[in-house]
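Working notes, beginning with the structure itself.
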Amino acid sequence: MKTKLPFYIFLTLSFAFLFAQFSVNVIALNYYLVHLFFGFAMPFLAGFFPAHLFRWNGWSKLPLNHDWDGYAWSPKVAVAVTLIISLINEAITDPKYNGIPFSQAWHHFAIDIAGMVLFAALYLALLKPLLVRDHQRRVIQTFPVHGRPQE
């Protein structure tokens, strides 16, 4: 769907996190909250990742040769990209650069997934009805002579 609302939500959440970080140092207080925040907030930004990059159309039709679709946002792509980023971070980056094996940091990945579940719940409960209603408002309905909308 074409909307900027998830981006604005991401910016608002990011500024709120920065305010909390500078106020009470959330990272030192509870690092699990940072992972929960990542899993929750990142899909709002990651949903703008072009979905056609996940499809293979052959070497001649590489997605890099096509224009990006503007502000298209997808909740499925949002969760998929966030999951991939989290898995790469916890399973590859942390063991290689921080010396933390995945067997000792799997709970960070689990908390990221909990944040994504929270995102999905919020999306299904609040954001999807809002975006669908907003889209339906733009549709022009035709009214027959009797005054009722046609189906």
Side-chain angles (χ1 to χ4, degrees), residues 1-140:
M1 65 191 76
K2 297 247 182 191
T3 180
K4 295 180 186 177
L5 182 62
F7 179 71
Y8 296 141
I9 293 172
F10 174 78
L11 283 180
T12 303
L13 290 172
S14 296
F15 284 124
F17 177 79
L18 286 175
F19 178 76
Q21 176 60 26
F22 291 132
S23 299
V24 295
N25 195 3
V26 177
I27 294 173
L29 183 67
N30 190 344
Y31 193 62
Y32 295 127
L33 288 177
V34 176
H35 279 277
L36 185 68
F37 174 78
F38 172 80
F40 176 69
M42 188 62 184
F44 288 107
L45 181 64
F48 289 106
F49 192 83
H52 63 271
L53 292 179
F54 288 114
R55 290 191 300 264
W56 176 253
N57 297 324
W59 289 106
S60 62
K61 297 179 182 178
L62 286 175
L64 301 173
N65 300 326
H66 301 288
D67 292 331
W68 292 62
D69 292 336
Y71 297 106
W73 183 82
S74 168
K76 293 176 186 174
V77 171
V79 172
V81 169
T82 304
L83 186 66
I84 290 168
I85 291 171
S86 178
L87 184 63
I88 288 171
N89 179 50
E90 298 303 332
I92 298 171
T93 306
D94 276 355
K96 184 176 182 179
Y97 295 107
N98 298 333
I100 304 169
F102 183 72
S103 62
Q104 294 178 2
W106 63 268
H107 50 281
H108 293 164
F109 182 63
I111 297 293
D112 288 343
I113 291 174
M116 290 179 242
V117 169
L118 185 62
F119 161 80
L122 178 80
Y123 172 76
L124 291 173
L126 299 175
L127 200 56
K128 184 177 179 181
L130 176 70
L131 293 173
V132 170
R133 185 186 65 203
D134 186 44
H135 177 68
Q136 288 175 347
R137 223 181 310 148
R138 296 182 193 146
V139 175
I140 299 173

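Under the side chain to side chain donor-acceptor pair (under 3.5 Å) criterion, the residue pairs touching residues 18-30 are Gln21-Asn25, with sequence neighbours excluded.
Side-chain contact between Phe38 and Ile85: present, with at least one pair of heavy atoms (C-beta onward) separated by less than 4.5 Å. For the pair Leu11 and Phe44, the minimum side-chain heavy-atom distance is 4.5 Å or more. Contact annotation: the side chain of Tyr32 approaches that of His107 to within less than 4.5 Å [non-hydrogen atoms, C-beta and beyond]. Contact check for Pro6 versus Thr3: side-chain heavy atoms found under the 4.5 Å cut-off. No side-chain heavy atom of Thr82 sits less than 4.5 Å from a side-chain heavy atom of Ile84.
Within 6.0 Å of CZ on Phe17 lie more than 12 heavy atoms contributed by other residues, nucleotides or ligands. The number of heavy atoms from other shown groups lying within 6.0 Å of CZ (Phe102) is above 12.
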Going through the checks in order, is the side chain to side chain contact (heavy atoms under 4.5 Å, CB included) test met by Phe109 and Leu83? CA-CA 9 Å; Phe109 182 63; Leu83 186 66; 3.8 Å; yes
Run the side chain to side chain contact (heavy atoms under 4.5 Å, CB included) check on Met116 and Ile113 step by step: do they pass? CA-CA 5 Å; Met116 290 179 242; Ile113 291 174; 4.2 Å; yes
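Atom CZ of residue Phe48 and atom OG of residue Ser74 lie 10.5 Å apart, to the nearest 0.5 angstrom.
You'll find the ring centres of Tyr123 and Trp73 inside the 6.0 Å limit.
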